[in-house]
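The next block holds one structure in the form of C-alpha cells; read it before the comments.
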2 protein chains.
Amino acid sequence: MRVKTLCLGALCLGDATGYDIKKLFENAFNHFHSASFGSIYPSLKKLEEEGHVSHRVEAGEKHPDRKLFRVTDEGRATFLAQLAQTPASEQLRSEFMVLLFFAHLLPTEILQQKLAEMEAHYSQELNYLESLSGCEGHTSGIDFTIGMGKSVLRTKLDYLHHHRETLLASHQNRPDSQNIRQTESSS
Amino acid sequence: MRVKTLCLGALCLGDATGYDIKKLFENAFNHFHSASFGSIYPSLKKLEEEGHVSHRVEAGEKHPDRKLFRVTDEGRATFLAQLAQTPASEQLRSEFMVLLFFAHLLPTEILQQKLAEMEAHYSQELNYLESLSGCEGHTSGIDFTIGMGKSVLRTKLDYLHHHRETLLASHQNRPDSQNIRQTESSS
DNA sequence: ACGAATATATATCAGAATGATATATATTCG
DNA sequence: CGAATATATATCATTCTGATATATATTCGT
C-alpha cells in the first residue's frame with residue numbers, strides 16, 4: 001500500500017499534520033508498517049493537488065508552520081474504495097534470518113550475540129504491545145492486530161528459548177568451522 | 001541489508017547468474033526477504049566494478065548470454081565482515097493489519113473476505129515451509145529459520161481461528177456501522 | 001539560571017528498490 | 001502445433017528510505 005493511501009487513511013481518523021501522521025505510524029502502526037518524512041510530505045502535497053485533502057495553517061499559537069490537513073469527502077470515498085480493493089498480504093523482512101541463513105560463515109560467538117540481540121528486540125516489542133493492550137478506545141480490529149502481534153512475539157521468544165542451545169551446539173560442531181580464517185591456503 | 005550485500009552472499013554459496021540469484025531469493029529466502037531483477041542486475045554490475053565478483057559468459061550451450069558470476073577472495077572477505085556487522089532485526093509489512101486497523105470503515109462481508117484471503121496465504125506458506133523441511137542438505141541455521149517460520153505461521157492460523165468469530169461479531173455491532181454509505185447526510 | 005537534550009514541525013535530496021516492460025530463445029504440455 | 005511457461009538479461013519511471021538542513025519550544029539535570 002502506497003504511503004499516499006496510508007496518509008489518506010490517517011486523515012480519515014481526524015485532522016493531522018505530516019508530523020502527526022509520522023507519530024501515528026510510529027505508535028499505532030509500529031509493529032506492522034512504517035514510513036518516513038521523505039515519503040509523507042510529498043504524499044500530502046500530491047493528495048492536495050488531487051483534491052483529496054485540504055489544509056489550513058495554524059500559526060502563532062505555539063510553533064509556527066503547523067499545516068493541519070483535512071480529508072475531503074472525495075478523499076474519504078477514494079480511501080474507502082482503495083481499502084476495499086487492497087489484498088490481504090504480509091511480507092517479512094528479516095536480517096536476523098539472513099544472518100541465520102549464512103550462520104555457518106560466522107564464528108559461534110557472533111551467532112550467539114545475534115541471537116541475544118534478536119531476543120532483546122522481541123522482548124522489547126512484546127512489552128510495547130502489552131502496554132498498548134491496557135489502553136482503551138481501540139476498535140476490535142486494532143485489538144486483533146495487537147493480540148496477534150503479541151501471540152507471534154511469544155511464539156518467537158519460545159522458539160528462541162527452545163532451539164537456541166541445540167543450534168549453538170550444532171554450529172560449533174559444523175564441518176568447515178576451521179575454514180573461516182584460512183580459505184584453502186595452508187599458511 | 002542492501003541487495004548488493006545479499007548478492008555477494010548468494011555468490012559465496014556458489015557461482016550463479018543474476019537469474020539464479022533471483023530464484024534463490026524466491027525459494028530459500030522466500031519467507032524472510034525478497035529482491036527484484038531491477039536491483040539484482042545493477043548490484044552485480046557494481047560488485048564487479050568494485051572487484052568483489054568476476055564473470056565469464058557461458059554461451060552456445062543452451063541459452064545464450066548466461067553471465068556466470070563468481071565471488072573473488074576479496075569479495076568473500078568483504079561479505080564476511082559485513083555479515084558480522086549486520087544487526088539482528090526484523091520488520092513486518094502487513095497490509096492485512098492495515099486493513100484490520102481501518103476495518104471499522106469496511107462492510108463486514110469485505111472484512112470476512114480479507115480474513116479468508118489471509119488465512120489462505122498463511123496455509124499456503126506453511127505448506128511450502130513444511131515441504132522444505134523434508135529436504136536434506138540444510139545447515140542448522142537454515143533449519144532454524146524454517147522451524148521458526150512454521151511455528152509463527154501455526155500461531156497466526158490459530159489466532160485467526162480463535163478470534164475470527166469474535167471479531168466478526170463485534171464488527172457487525174460496531175457503532176457507526178450505518179454511516180458507511182450515508183455520511184452525515186439524511187438522503 | 002543555564003546549557004543540553006529532546007520534542008515539535010517542515011522540507012529536500014541522493015541513493016536504493018520496486019514493479020513494469022522489452023527482448024529473445026527453449027521447453028513443456030495439452 | 002500453438003500456447004504457456006521457464007530461462008536469461010537489461011532498463012526505466014516511480015516510489016521510498018535515510019540523511020540532512022532549519023528553526024523554535026520544552027524539559028531536565030546541575
Side-chain angles (χ1 to χ4, degrees), chain A residues 1-8 10-11 15-27 29-30 32-50 53 55-69 82 86-87 89-95 98, chain B residues 1-8 10-11 15-27 29 32-50 53 55-69 82 86-87 89-93 95 98:
Chain A
M1 188 180 274
R2 300 269 170 272
V3 173
K4 217 174 75 174
T5 310
L6 248 16
C7 288
L8 199 53
L11 292 175
D15 297 355
T17 64
Y19 189 81
D20 293 335
I21 293 174
K22 180 74 184 344
K23 290 297 135 193
L24 177 74
F25 290 165
E26 278 174 7
N27 298 325
F29 282 40
N30 177 270
F32 58 88
H33 224 292
S34 64
S36 64
F37 284 127
S39 59
I40 292 171
Y41 284 115
S43 291
L44 289 169
K45 205 175 182 178
K46 275 181 204 160
L47 283 169
E48 186 152 44
E49 285 166 11
E50 295 165 358
V53 308
H55 87 269
R56 64 196 164 86
V57 177
E58 266 192 355
E61 202 182 328
K62 286 193 173 186
H63 304 269
D65 269 89
R66 231 178 97 91
K67 289 172 74 172
L68 199 66
F69 287 87
Q82 283 177 357
T86 300
S89 70
E90 299 198 323
Q91 176 70 36
L92 176 67
R93 179 140 309 195
S94 173
E95 319 267 281
V98 173
Chain B
M1 188 180 274
R2 300 268 169 270
V3 173
K4 217 174 75 174
T5 310
L6 248 17
C7 288
L8 200 53
L11 292 175
D15 298 355
T17 66
Y19 189 80
D20 294 335
I21 292 173
K22 181 72 182 348
K23 290 298 136 192
L24 177 75
F25 290 164
E26 277 174 9
N27 299 324
F29 282 41
F32 59 88
H33 224 290
S34 64
S36 64
F37 285 128
S39 58
I40 292 170
Y41 284 115
S43 291
L44 289 169
K45 205 174 182 178
K46 275 180 206 160
L47 283 170
E48 186 151 44
E49 283 165 13
E50 293 164 359
V53 308
H55 86 269
R56 64 194 163 89
V57 178
E58 266 192 355
E61 202 181 329
K62 285 193 173 186
H63 303 268
D65 269 88
R66 229 178 98 89
K67 288 172 74 173
L68 198 66
F69 287 87
Q82 283 177 356
T86 300
S89 69
E90 298 198 324
Q91 176 69 35
L92 177 67
R93 178 139 309 194
E95 319 267 281
V98 173

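So that the names make sense, note that chain A is the first sequence line, chain B the second, and so on, each numbered from 1.
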Legend entry - Any side-chain heavy-atom pair of A/Asp20 and A/Asp15 under 4.5 Å: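 Sidechains of A/Asp15 and A/Asp20: no contact.
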Legend entry - Heavy-atom side-chain proximity of A/Leu44 to A/Ile40 below 4.5 angstrom: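 With C-beta onward as the side chain, the pair touches.
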I want to verify a distance call: between [options], whose nearest atom is closest to the [X] side chain?
X	options	value
B/Asp65	D/dG18, C/dT12, D/dT9	D/dT9
B/Asp20	C/dT10, C/dA17, D/dA8	D/dA8
A/Val3	C/dT10, C/dA9, D/dC16	D/dC16
A/Ser39	C/dA17, D/dT17, D/dA10	D/dT17

Legend entry - Residue whose nearest DNA chain D nucleotide is more 5′ - B/Arg93 or B/Pro42: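 Counting from the 5' end, the first nearest nucleotide belongs to B/Pro42.
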Contact class for [X] (heavy atom, under 4.0 Å): base, sugar-phosphate, or nothing?
X	answer
B/Lys46	sugar-phosphate
A/Thr17	sugar-phosphate
B/Lys4	nothing

Inset, instruction - Please report, rounded to the nearest Å, how far the C1' atom of C/dA24 is from the OH atom of B/Tyr19. - result: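 Computing the B/Tyr19:OH to C/dA24:C1' distance gives 13 Å.
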Inset, instruction - Please report, rounded to the nearest Å, how far the C1' atom of C/dT10 is from the CD1 atom of A/Ile21. - result: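 Atom CD1 in A/Ile21 sits about 13 Å away from atom C1' in C/dT10.
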Inset, instruction - Mind telling me whether B/His55 and B/Phe69 have parallel, tilted or perpendicular rings, with 30° and 60° as the class edges? - result: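 Plane angle between 30° and 60°, so tilted.
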Legend entry - Residue met sooner reading DNA chain C from 5', once A/Gly38 and A/Arg2 are mapped to nucleotides: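 Result of the comparison: A/Gly38.
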Inset, instruction - Considering only NZ, NE, NH1 and NH2 on the basic side and carboxylate oxygens on the acidic side, decide whether A/Glu49 and A/Lys45 come within less than 4.0 Å. - result: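 Looking at A/Lys45 together with A/Glu49, the answer is no, because their closest N to O distance does not fall below 4.0 Å.
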